[in-house]
Engineer: 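First the structure, then my questions, so here it is.
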Amino acid sequence: MALATESTVDPMVPVPTTIVDRWDETDDTFSLSLAPPPGYGFEPGQFNMLYAFGVGEVAISVSGDPASHGRLVHTVRGVGSVTKRLRDLVPGDVIGVRGPFGNAWPVTAAEGGDLVVVAGGIGLAPLRPAILHALAHRDRYDRVVLLYGTRTPRDLLYADLLSEWRGRFDMEVLVTVDNASQEWRGSVGVVTKLIGRAPFDPKAATVLVCGPEVMMRFCGRELRRRGVPTDRIWLSMERNMQCAIGVCGHCQFGPVFVCRDGPVFRYDDLEDLLEIREV
Amino acid sequence: MADRPRLAVLKFASCDGCQLSLLDCEDELLAVAGAVEIANFAEASREISPGPYDVVLVEGSITTDHDAERIRQARRDAGILVTIGACATAGGIQALRNFADVGDYLRTVYAHPEYISTLDRSTPVREHVTVDYELRGCPISKHQLLEVLNALVNGRRPVVPTYAVCVECKRSGIPCVMVSAGTPCLGPVTQAGCGALCPSYRRGCFGCFGPMESPNTASLSAEWRRLGVDDARLVDVYRSFNAFAEPFREAADVR
Amino acid sequence: MAYVTDRAGIDRLIGSLVARGFHVIGPTLDGDVVDLGPVGSTADLAVGTTSVPDAGRYRIAGRGDDALFGAVVGPSSVKRYLHPPVATLVEARRAGAGFTAAPGESATPTAFVGVRPCDVAAVGVQDRVFVDGPRRDAVYGPRRDASAIVAVNCTEPAATCFCASVGTGPRVGSGSDVALTEVVDGDEHWFLVEVGSPLGADLVDDIGAKEATDEQRATCDRLLDEAAGRMGRSLDVEAVPDALAGSLESPRWEEIAGRCLTCANCTLVCPTCFCASVDDHTSLTGEEAVRVRRWDSCFNEEFSYIHGGALRPSPAARYRQWLTHKLSTWVDQFGVLGCVGCGRCITWCPARIDITEEAAAFQREVAHA
Amino acid sequence: MSADRTIDVDYLARVEGEGSLKVAVRDGAVDVVEFGIFEPPRFFEAFLEGRPYSDAPDITARICGICPVAYQMSSCHAMERAFGTTVGEPIRSLRRLLYCGEWIESHVLHVFLLHAPDFLGYESAVHMAADHREAVERALRLKKIGNDVVNVLGGREIHPINVRVGGFYSLPPRDALRSLPLEEALDLARWMVDFTATLPMPDVEMDFDFVSLVHPDEYPFNEGRIVSTSGIDVGNDEWDRVFVEEHVARSNALHARTLEGGVYHVGPLARYAHNRARLSAGAREAAERMGLPAVVRNPFRSIVVRAVETLHAVEEAMRLVDGYDDAADPAVVIEPRAGTGAAATEAPRGLLWHRYSVGEDGRIAEATIVPPTAQNQLVMEADVRAVLERSLHLPDDELQWRLEQTIRNYDPCISCATHFLRLEVDRG
Ligand SMILES: Cc1cc2nc3c(=O)[nH]c(=O)nc-3n(C[C@H](O)[C@H](O)[C@H](O)COP(=O)(O)OP(=O)(O)OC[C@H]3O[C@@H](n4cnc5c(N)ncnc54)[C@H](O)[C@@H]3O)c2cc1C
Ligand code: SF4
Ligand code: SF4
Ligand code: SF4
């Protein structure tokens with residue numbers, strides 16, 4: 001059930017929703033846990049429009065567990081006016097929510113093969129529900145692999161969860177950073193470098209990718225090189241989004257509206273466009 | 001911003017019109033004075049309390065060594081520094097001196113030029129210190145001024161578009177003077193903000209809000225020539241209230 | 001069934017619309033242009049005025065007759081009313097620890113009189129965007145529901161018109177409640193009236209029009225057939241979408257950018273362009289907040305802004321976005337072309353850029369490649 | 001209190017522009033009084049040279065954001081005279097109406113926001129509003145109506161865009177003028193006169209040589225001869241036959257004197273002294289009711305005269321709006337030719353004189369602009385000296401305030417004063 005459409009006929013009016021909890025993930029990234037109205041549900045990959053009263057509205061993916069209905073979690077990087085205002089809010093404060101919008105990661109279609117998740121930076125947030133879903137239904141997948149890259153070790157999201165996942169025998173977690181200090185003992189370099197050595201069967205894998213657009217472009221090329229069929233690679237695109245219902249025009253990417261037709265796309269549908277500048 | 005932000009309004013070389021815009025907000029003035037602490041606004045109050053200030057509005061261009069030092073001090077005193085008007089954002093009409101010999105100007109205007117201390121150029125504030133927001137216009141739009149103050153008080157991003165005057169012209173349903181009357185208009189290369197004022201009075205825009213984000217002056221000049229405007233006049237047109245703004249400076253170099 | 005009426009009948013039609021609670025909008029004289037405005041009777045229309053649009057140029061002239069609908073489309077279209085330039089989407093107000101939020105607009109029943117076939121088609125295109133999508137737009141939807149359209153077929157297309165090649169005119173297709181064909185011939189001045197909806201049938205009842213003769217119908221058919229042959233411009237709707245889709249990296253975009261002013265006029269006069277941005281405003285005290293939607297344009301740099309910068313910083317990319325959207329990707333998105341052949345973008349471009357010429361140039365380029 | 005005192009007001013507040021005041025008292029006697037203008041020069045006359053005649057109203061408006069209409073009016077009239085053109089109705093009336101708007105706006109601004117706080121002992125109108133909220137609100141309302149008048153005719157209150165040599169770009173529709181809330185302004189202006197009359201008034205009488213326009217039928221805005229108490233009575237083209245300007249070290253503005261070296265006074269007191277009989281009925285009646293003498297010699301009472309002029313401007317505006325018909329051409333056709341034209345009009349703060357020589361090509365060959373504050377500089381110093389002599393008993397801070405108030409009697413516009421001058425090179 002969707003918030004805005006259910007409570008009012010107007011899909012642009014945000015529904016006031018209370019912040020139940022908030023915590024920092026990194027220096028500039030935090031998570032908000034909201035109390036959704038009864039019956040609210042979402043699929044991994046979908047996003048909400050979060051409204052900070054008087055400041056503005058931004059598209060934010062749901063980053064929580066799709067199986068947990070009592071809490072609606074978002075992980076946000078404070079980069080501009082709205083996200084910084086959201087960062088300053090505390091439990092008890094109220095924000096507006098519209099959603100969920102957009103399509104979902106093909107977690108069901110991926111069943112029976114390897115599930116590979118490639119995330120860059122904040123891109124792990126929209127992928128976390130997919131990973132949680134896969135782990136909750138672990139028997140439906142062969143290998144579950146996470147390749148995760150950030151700028152520095154300080155930017156790694158969900159540190160506790162990462163180490164928990166690392167500790168699992170049924171999941172492969174490879175982490176890399178662009179720049180590291182002395183203490184970092186993990187790998188250094190861009191996340192695309194991990195693709196070549198990650199343990200999965202390219203012929204039987206479904207790959208979900210989210211991160212900065214350049215990173216996704218290079219991942220696409222690298223995955224194709226590794227032999228993953230391009231129709232089994234999925235990307236989540238970011239564009240300026242103001243309505244989320246396909247009427248404001250901002251999120252067009254060639255023939256698609258990212259909000260309406262995405263944000264999750266099959267790589268082969270976008271491959272050519274991604275190579276063209278300023279689409 | 002914690003409780004009432006402290007506001008300063010500082011003047012450099014200018015006509016006073018932009019800061020007067022604040023006093024021209026008759027309906028909002030007392031509310032603004034309630035929402036911010038007017039800590040330094042010499043045009044309106046004898047009480048001048050020293051910095052630092054949360055927001056400093058700067059009117060006027062830099063035309064003397066003394067003012068060049070004053071603006072550096074203003075930057076040190078300012079949390080957010082907002083330049084207001086064509087003088088502060090582009091050097092103003094007095095930047096026409098930048099295209100001439102100031103010695104000649106001094107002799108033209110003053111019997112004893114040795115009494116006058118002035119730089120040979122009138123420059124925008126941005127050339128001296130970092131500027132956080134710019135409000136264009138000769139004069140600024142008081143709506144935009146209120147918008148910026150309101151946005152800063154409420155911690156949101158001010159809505160100050162950088163697209164062309166044409167956008168406001170069309171939104172308002174004003175008949176295009178260029179197309180429907182053959183009146184040359186600078187709207188397509190000028191930044192919005194005035195509400196397409198001149199076209200609404202059937203006058204072509206003369207660019208008082210300065211260049212828009214991607215001004216194609218070469219193309220517009222070609223259209224003006226088709227409407228019968230000669231090169232000498234084109235130079236006058238670009239060399240007016242925002243003469244020293246880069247795109248207009250280049251556009252005036254027609255030879 | 002077709003009927004015939006005269007100017008008095010059109011006055012009765014307007015009267016009937018008013019009596020039914022409609023705010024009536026039609027082509028009126030506004031300084032140097034014929035543009036949409038409020039109409040209380042036929043006297044408010046731009047009677048006896050014609051318009052002469054060309055690339056980057058528009059003039060009005062006297063016709064020497066009393067034609068009520070003697071000018072082709074002006075800068076504004078029905079879009080101005082159904083998808084208004086500025087609309088309040090949300091009105092929010094602080095309440096305790098939280099806030100309340102409510103829609104900001106209500107719809108006034110509006111009837112559009114004298115709508116050209118291209119513009120009727122444009123309403124159909126916008127319907128696909130605003131009401132046929134996954135979620136119905138709360139500004140456009142109710143306004144559209146409360147609207148009525150009295151179309152006027154085109155017997156005198158202009159130099160900038162190309163509806164015939166796009167298939168939207170000169171005879172109105174579906175989408176109007178009543179369709180008129182105005183015939184002025186010497187002393188004769190009459191209107192063929194055709195019904196397009198139950199509301200249209202009621203309106204025609206109200207005005208008491210008589211049945212049209214075969215001869216009158218034949219006259220109109222002839223005039224409209226001739227009009228179809230007199231279009232000033234044309235567009236190859238079969239070939240253009242693919243030609244553009246295949247031209248994304250053509251150097252021609254840079255060449256056009258040399259002329260394009262990125263002033264956005266074309267998109268704002270376009271009756272189908274729907275792009276808009278939402279701005280947040282607050283009361284000074286911060287107690288009240290509104291979210292306001294304003295017409296925006298893919299020609300504006302911040303339109304494509306995401307954190308870190310604009311995605312289409314170059315004017316070439318912005319022009320490409322516009323042209324490919326209108327004439328190519330629109331079909332992918334909505335199943336129709338985003339262009340209805342009204343010619344407005346040609347007329348109101350101060351730089352005289354012509355969508356039909358540019359499209360044809362890409363077509364030639366692809367053909368020769 | 002010591003017999004030697006100096007007071008330096010480095011930055012005069014509540015005036016338009018950047019000015020300073022320096023006074024020195026030696027052995028109990030006033031020694032130095034210098035009203036300095038350090039506002040940087042902007043060279044308008046120099047860069048007007050070579051520009052098309054049609055640029056003059058827009059460019060000169062930028063000399064002053066407080067009284068741009070005055071600059072537009074003086075420049076338009078001077079240009080039209082250079083070309084031998086005259087404008088008819090409704091342009092002439094609309095120009096008066098535009099000026100009414102500016103007078104209302106500027107006078108109310110000065111009286112309430114800049115000057116009244118001195119009389120009542122407040123640092124600013126915002127401080128004053130704490131105790132006199134209603135008065136300040138009413139004043140703002142009246143000021144807004146003045147601005148509305150400028151807006152509807154000029155497009156915006158500061159640097160209007162609708163004024164051109166020959167008339168306007170477009171005429172406002174009749175309804176737009178009729179819907180101006182002038183009835184409300186009338187009540188407010190009447191109240192304004194009463195309000196100013198209650199202010200505590202320092203007692204000084206000065207022997208002024210008043211200079212203003214005088215028109216046989218009208219309280220002057222745009223037309224009239226230049227007349228002085230001392231007997232000058234010349235046409236607009238003769239200003240520089242009877243007055244001179246000089247450049248002194250302490251100021252970036254030129255000072256004006258009469259040819260004989262006399263100090264003179266322009267502004268509301270001068271206009272009132274010469275034109276009282278031609279005030280609107282209500283304004284005249286209000287002046288009488290307030291007991292204003294035929295000639296007001298106390299510079300502090302200028303605040304009352306400004307209020308009377310505001311009432312006049314409102315009544316005049318009502319008359320002009322009543323008679324307005326919008327069925328006309330917005331401007332007369334201008335055919336530029338070589339020539340020279342001069343015009344003086346009455347800016348809110350006094351006589352503003354422009355003279356232009358235009359070449360065959362319609363471009364400006366020479367421009368001279370004499371703003372009111374440049375003309376008042378010497379009389380301001382004289383007043384400060386007189387007030388100082390009478391007020392030496394006051395402690396420094398009160399004395400300083402009193403002297404500032406004296407300067408503000410003139411509503412000095414320093415932005416105006418700095419940027420002018422004649423094309424005259426002193427080769428010593
Ligand atoms: C589908 C989707 C899912 C997303 N999921 C997440 C997520 O899970 N976590 C996360 O952290 N982020 C996510 N993002 C990104 C997030 O939406 C942006 O970071 C956010 O919009 C930034 O908003 P801001 O106001 O804080 O930043 P800003 O950069 O200040 O503002 C961005 C918005 O404000 C406007 N804007 C701001 N400045 C300007 C300017 N100078 N000129 C013009 N316009 C300007 C633009 O309209 C833009 O939409 C997602 C984005 C999308 C599209
Ligand atoms: S009148 Fe000027 S600003 Fe308005 S649309 Fe035309 S060119 Fe643009
Ligand atoms: S239309 Fe142009 S010149 Fe006129 S006010 Fe606006 S920006 Fe200034
Ligand atoms: S095509 Fe023409 S109207 Fe459109 S943005 Fe370019 S110059 Fe402006």
Side-chain angles (χ1 to χ4, degrees), chain B residues 25 28 30-36 146-147 149-151 153-190 192 199-200 202 212-220 222-224 226-227, chain C residues 30-37 51 53-60 74-76 80 84-86 257-269 277 279-287 289 292 294-297 299-303 310 313-315 318 347-353:
Chain B
C25 299
E28 301 86 3
L30 292 178
V32 170
V36 303
L146 285 172
E147 166 62 15
L149 291 176
N150 182 319
V153 167
N154 283 296
R156 62 183 169 83
R157 195 170 61 88
V159 180
V160 182
T162 55
Y163 47 60
V165 172
C166 299
V167 175
E168 293 184 320
C169 200
K170 280 289 176 293
R171 272 195 205 123
S172 311
I174 299 163
C176 173
V177 298
M178 184 124 163
V179 169
S180 70
T183 303
C185 181
L186 276 191
V189 298
T190 301
S200 75
R202 306 175 93 178
M212 50 84 88
E213 58 196 15
S214 48
N216 189 343
T217 53
S219 174
L220 187 65
E223 295 304 321
W224 276 49
R226 276 172 44 86
L227 295 174
Chain C
D30 175 10
D32 298 319
V33 300
V34 175
D35 205 5
L36 299 182
S51 57
D54 203 342
R57 188 188 152 92
Y58 175 101
R59 293 293 183 278
I60 50 172
S76 300
R80 176 171 295 281
V86 180
R259 288 175 280 139
C260 176
L261 300 162
T262 58
C263 64
N265 270 306
C266 47
T267 54
L268 299 164
V269 293
S277 282
D279 294 330
D280 290 273
H281 294 280
T282 37
S283 62
L284 199 55
T285 55
E287 286 302 302
V292 178
R294 280 189 183 73
W295 283 358
D296 203 338
S297 168
F299 279 96
N300 297 336
E301 188 167 358
E302 53 175 68
F303 188 75
S314 75
R318 290 183 243 160
T347 305
W348 300 98
C349 172
R352 298 173 296 118
I353 297 175

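In what follows, every chain begins at residue 1, and chains take the letters A, B, ... in the order their sequences are listed.
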Engineer: Non-hydrogen atoms of chain B under 4.5 Å away: do they reach the side chain of C:S314, the backbone, both or neither?
Structural biologist: neither
Engineer: Do B:E223 and C:P350 have side chains that get closer than 4.5 Å, going by heavy atoms?
Structural biologist: no
Engineer: Can you tell which part of B:T217 gets under 4.5 Å to a heavy atom of chain C, answering side chain, backbone, both or neither?
Structural biologist: neither
Engineer: When rounded to the nearest 0.5 angstrom, what distance separates CG in B:N154 from CG in C:D280?
Structural biologist: 11.0 Å
Engineer: Could you tell me the separation between the CH2 atom of C:W348 and the NZ atom of B:K170, rounded to the nearest 0.5 Å?
Structural biologist: 6.0 Å
Engineer: If you look at every heavy atom in B:N150 and C:S283, which pair is closest and at what distance?
Structural biologist: ND2-C, 3.6 Å
Engineer: Grab the two heavy atoms, one from C:V33 and one from B:S180, that are nearest each other, plus how far apart they are.
Structural biologist: CG1-CB, 3.6 Å
Engineer: Using a cut-off of under 4.5 Å for heavy-atom pairs, which of B:R226, B:R171, B:M212 has the most such pairs with chain C?
Structural biologist: B:R171
Engineer: Look only at the side chain of C:R57 and the backbone of B:A181, and say whether a donor-acceptor pair between them is shorter than 3.5 Å.
Structural biologist: no
Engineer: Please name all residues satisfying ring-ring contact (aromatic ring centres under 6.0 Å, His included) with B:Y163, sequence neighbours left out, ordered by chain then number.
Structural biologist: none
Engineer: Closest approach of B:S219 and C:L261, non-hydrogen atoms and distance?
Structural biologist: OG-CD2, 3.7 Å
Engineer: With sequence neighbours left out, what residues match B:R157 under salt bridge (Lys or Arg N to Asp or Glu O under 4.0 Å)?
Structural biologist: none
Engineer: Side chain, backbone, both or neither: which part of C:S51 has a non-hydrogen atom closer than 4.5 Å to chain B?
Structural biologist: neither
Engineer: Going from CG on C:D279 to CD on B:E147, what distance comes out if it is rounded to the nearest 0.5 angstrom?
Structural biologist: 8.0 Å
Engineer: Based on non-hydrogen pairs under 4.5 Å, which of C:S277, C:G258, C:P84, C:P315 is most in contact with chain B?
Structural biologist: C:G258
Engineer: Based on non-hydrogen pairs under 4.5 Å, which of C:S76, C:G74, C:G56, C:P75 is most in contact with chain B?
Structural biologist: C:G56
Engineer: Go through the atoms of C:A289 and report whether side chain, backbone, both or neither lie under 4.5 Å from a heavy atom of chain B.
Structural biologist: neither
Engineer: Any chance you could lay out the side-chain contact (heavy atoms from CB on, under 4.5 Å) test for B:T162 and C:E301, step after step, and finish with the verdict?
Structural biologist: CA-CA 8 Å; B:T162 55; C:E301 188 167 358; 5.5 Å; no
Engineer: Heavy-atom cut-off 4.5 Å, strictly under: side chain, backbone, both or neither for B:V36 against chain C?
Structural biologist: neither
Engineer: Pick one of side chain, backbone, both or neither for C:S297, based on which atoms fall under 4.5 Å of a heavy atom in chain B.
Structural biologist: neither
Engineer: Under 3.5 Å, side chain of C:T262 to main-chain N/O of B:S214, donor-acceptor pair present?
Structural biologist: yes
Engineer: At their closest point, which heavy atom of B:V167 faces which heavy atom of C:C263, and how far apart are they?
Structural biologist: CG2-O, 3.7 Å
Engineer: Can you name the nearest heavy-atom pair linking B:G173 to C:D30, along with the distance?
Structural biologist: O-OD2, 4.2 Å
Engineer: Testing the basics here: between B:A35 and C:L284, what is the closest heavy-atom pair and its distance to 0.1 Å?
Structural biologist: CB-CG, 3.9 Å
Engineer: How long is the gap from SG on B:C169 to CG on C:N265, to the nearest 0.5 Å?
Structural biologist: 7.5 Å
